[in-house]
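Order of the sequence lines sets the chain letters (A, B, ...), proteins ahead of strands, with each chain counted from 1. None of the values given here were measured: they were computed from a predicted structure.
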Amino acid sequence: MDNREVLVDIKNLRTFFYTEDGVVPAVDGIDLTIHRGEVVGLVGESGCGKSVTALSIMRLIPNPPGKIIGGDIYFHGENLLAKNDEEMRQIRGDKISMIFQEPMTSLNPVYTVGNQISEAITLHQKIDEAEAKKRTIEMLHLVGIPEPERRYSQYPHEMSGGMRQRVMIAMALSSNPELLISDEATTALDVTIQAQILDLMRGLQKKLGMAILIITHNLAVVAEMAETIAIAYAGKIVENASAKEIFRSPRHPYTYGLLQSIPKFTEKKTNEPLPAIEGMVPSPYHMPKGCRYNPRCPFATEKCREEEPEIVEVTPGHLIRCFHPIES
Amino acid sequence: MATKLVEVQKLKKWFPIKGGIFSTVVASVKAVDEVDFFIYQGETLGLVGESGSGKTTAGRTLLKLLQPTGGKIQYKGADITDYSPTQMRPLRRNMQIMFQDPYGSLNPRMPVGDIIQEPLDVHVIGTRKERHDAVTTMMETVGLRPEYEKRYPHEFSGGQRQRIGLARALILNPELLVLDEPISALDVSIQSQIINLLQELQQRLNLTYLFIAHDLAVVRHMSDRVAVMYLGKVVETAENDELFDHPLHPYTQALLSAVPVPDPDVKRERIILQGDIPSPVNPPSGCHFRTRCPYAMPICKEQEPAVVEAAPGHTVSCHLLTKK
Amino acid sequence: MAEKALEAKKKGQQKTSDEYSYIGMVTHRLKRHKLAMAGVIMLVLMLVFVFVGPLVWRLDPNEQIEGLEGMFLTPSREHPMGTDDYGRDVLARMFYGGRISLSIGFISAVSSTLIGAFVGLVAGYYGGWIDNLLMRFTDAMLSIPTFPLLIALASVMGKGVTQIIMVIVVFGWMSDARLVRGMVLSLKEQEYVEAARAIGASAGRIMWRHLFPNTLAVLIVSTTIGIGSAIIYEASISFLGFGVQAPVASWGNMLQNAQQFIWTAPRLIVYPGMAIFLTVLGFNFFGDGLRDAIDPKLKL
């Protein structure tokens, strides 16, 4: 479908955590393709493996207890899982950057923000200090921070949450990455500030052309940002399609249920109950047999309780992992 | 029409900031600064605002969990502003609160049966057996299995913990329930379960809700009327549809336009507010919103806008409307 | 990521509730802690020695063998640890001295923890001038040089087991008061405390039912280590001659008594010295292990 060059290709990624209470299959079958310059949304609830996927791409899974035990992550056709630590360090923060939910803990409180961005720049680019400072101020300006010269010498605690997230974006983009991973980057922000940051990310994406992987639990955020959306549930991708398809004709019962259950901001108040999804996310130590969604699925049959469905392409570009897809 | 169950007038809650050698009050966080609102019996008032707006403080001050700095709180016509803790005790049975944090709001060292029963113990209601029966019934009411009463909070999921918190709040049969962001810490698929439960119980038990939230979609779904707060002030109050369809205050307009919509085909005109929310220690003079307002005028800096009724039941405080 | 594992752990607990109760979890973690287990073994052996020993070895610790030939007997079948300067059986005195020393350690550590917890709870919960008053008093108590005052006290109150316990308690509660106050300051901001206030619970109820149980784990650790230091304290005071008085035996006054014979009968120092050393070490190992076991952030 997409003629653009494939940037990232994740094939059947499996990342497990070995804890004293048992094995947690945090990621157990994630397939994801990101094209050059594409904005992809990875959506799911807590425990679906979305953040672990991001950390796996960055090869930042803490070992122990975590370990990537299977699959491949191709970046420009090269398998990141085959790279050694030194090679990975060259890529991390340079060609692939990441921003997190909590900008306060991602910044070191004892250094000025300017210092931290400059350091990130000199780490990957051979330029002198003065040059790095100039570039840092450019970056701060680019992410819409007023008076970048003054802000350069401020400490993280002197900034608001929205400002700190801008700083994080400036730092992440300072190396001109080809892929930016945003892990719940706007979740902790207020609505009006979230709108600012999303607007900024959209603008920068157009301007700089990098691909973005947006990881979030908020369907509305990906609806606004992403071209392609992957829905994860209990460590597996259950549906992957263009944003339009996901919202117009979801085929997986989980996607469908999720979309049905969220209150619509644009709809008038009714006293009707929301069509909620019953039950709760399974415990990672006790994953259900067969399809992992079967205990909550209204369409589940004996087959769903016994066999695990594979992910298949039902229509061009629309992949689902379900025996009984919803008819579009 | 309906009667007002609770009403606050010019409600003020300032938190002193102490400093210097003698710990004198050097400034105040004006968390709630002369706020008016009321709630009709049996309705849900949505109280919306971003961080620092004072919505949570307003809810707690209303319940007198915090002593107001100024203004008046009326409950069923009685002025309870200066009630002592002893005078408040019988009233506590009528007004309860459900919290945001499913982990912090339950004592980790108490079995859930005891947690739910504690209000009955405190108010010495019924015999031992009657209290226990009430706990069983209440657990069923909120969708928990009564045989779990001996378990501890950490053995439950976030959604179940919120049900426990709700059971504790409801066991005294209150009239007013303050819901302080009751679903914002939950997973998406669990949120709708709790929303449905809250709505069902409201009808069944004839409850009055003050629903504090920042998620506008949920507020729209839940509320009869909505009040919007910004930096310690209520800037606009109206009936649900009226507010969402015809927002009059520039802040409300911007807030509504900022909400992302789960529909890729909807392309909305977006008002992106510039700058950050100012600190409530040092709010801007005049209208608190003027530093970010796209329509700010000279008068906004000098004078605080009065509250005007733009339409029946629709009150706004903005100079754009007073000038007309 | 650690959070992730922890989160996962929380979820895992839903299914297996009983085996993962709080006490169950702490016990489970404690069992994996080698040092703590070493401490437990040392303590169990010591307790058996002190409390079961006298049931088997039925000699009166105060019975003296008349005459010079009964003094300073070297270990033999009749007297496995020999006899002391009065011709008393050292093993029997080790049993009874150990009972006294351990009891003093236990009672004074528990009492000082309870007093400290009470002061800390009240100071932390009420805050304001009450907090100021109590904490300044605590500071003042910490600034008093213990030993000189102790000698003064001993001359007023007399010497004996009760007095020594009182002295250890009076000078021992301050660190627990500070510990509890610090915890209460953060605990009282928790929403469940607010929830208790919202249902109309009294201050006493909130402190007793909601705050105290949540400091308990840390207090148990503090008491455990406190027993060790109380035993040392008793030994030091007795060694100076202001503690447990003869003929009642304690490990401390056995040491004191033995110092004059350090060249003639060094074993009289070695036995109580080793007993104190091993017991205190046992309590410290166990206490440290317990501290690690109740800390959910620490991976064991």
The reported gap from CD1 in Ile277(A) to CD in Gln193(B) (rounded to nearest 0.5 angstrom) is 8.5 Å
Greatest number of heavy atom pairs closer than 4.5 Å to chain A - which of Leu273(B), Val261(B), Ile195(B)
Val261(B)
Among the options Asp215(B), Val219(B), Leu197(B), Asp224(B), pick out the one with the most heavy-atom pairs lying under 4.5 Å from chain A.
Asp224(B)
Between [X] and [Y], what is the shortest heavy-atom contact and its length?
X: Ala217(B); Y: Lys264(A); result: CB-C, 4.3 Å
X: Glu50(B); Y: Asp190(A); result: OE2-CB, 3.0 Å
X: Ile272(B); Y: Gln196(A); result: CG2-CG, 3.8 Å
X: Met163(A); Y: Asp276(B); result: CG-OD2, 3.6 Å
X: Thr192(A); Y: Leu255(B); result: CG2-CD1, 3.9 Å

Are more than 12 heavy atoms, taken from residues, nucleotides or ligands other than Tyr256(A), located less than 6.0 Å from that residue's OH atom?
no
Other residues, nucleotides and ligands only: do more than 12 of their heavy atoms fall within 6.0 Å of NE2 on His314(B)?
yes
Residue pair [X] / [Y], side-chain heavy-atom distance below 4.5 Å:
X: Asp187(B); Y: His217(A); answer: no
X: Gln160(B); Y: Met280(A); answer: yes
X: Ser189(B); Y: Glu45(A); answer: yes

If we ignore hydrogens and angles and just use 3.5 Å, is the side chain of Glu224(A) paired with the main-chain N or O of Pro264(B) as donor and acceptor?
no
Residue [X] versus chain B: region with a heavy atom under 4.5 Å:
X: Leu258(A); value: side chain
X: Gln194(A); value: side chain
X: Ile262(A); value: side chain

Looking at [options], which one has more heavy-atom pairs under 4.5 Å with chain B than the rest?
options: Arg248(A), Glu272(A), Glu278(A); value: Arg248(A)
options: Pro146(A), Ala223(A), Gly279(A), Ala220(A); value: Ala220(A)
options: Asn218(A), Leu219(A), Asp199(A); value: Asp199(A)

Where does [X] contact chain A at under 4.5 Å (heavy atoms): side chain, backbone, both or neither?
X: Gln274(B); answer: backbone
X: Leu256(B); answer: both
X: Ser223(B); answer: backbone

Is the closest basic N to carboxylate O distance between Lys244(A) and Asp265(B) below 4.0 Å?
yes
Selection residues 248-278 of chain B - residue pairs positive for ring pair (Phe, Tyr, Trp, His ring centres under 6.0 Å), sequence neighbours left out:
Tyr230(B)-Tyr251(B), His249(B)-Phe289(B), Tyr251(B)-Phe289(B)
Qualifying residue for side-chain contact (heavy atoms from CB on, under 4.5 Å) with Phe265(A), from Leu216(B), Val218(B), Asp263(B)
Leu216(B)
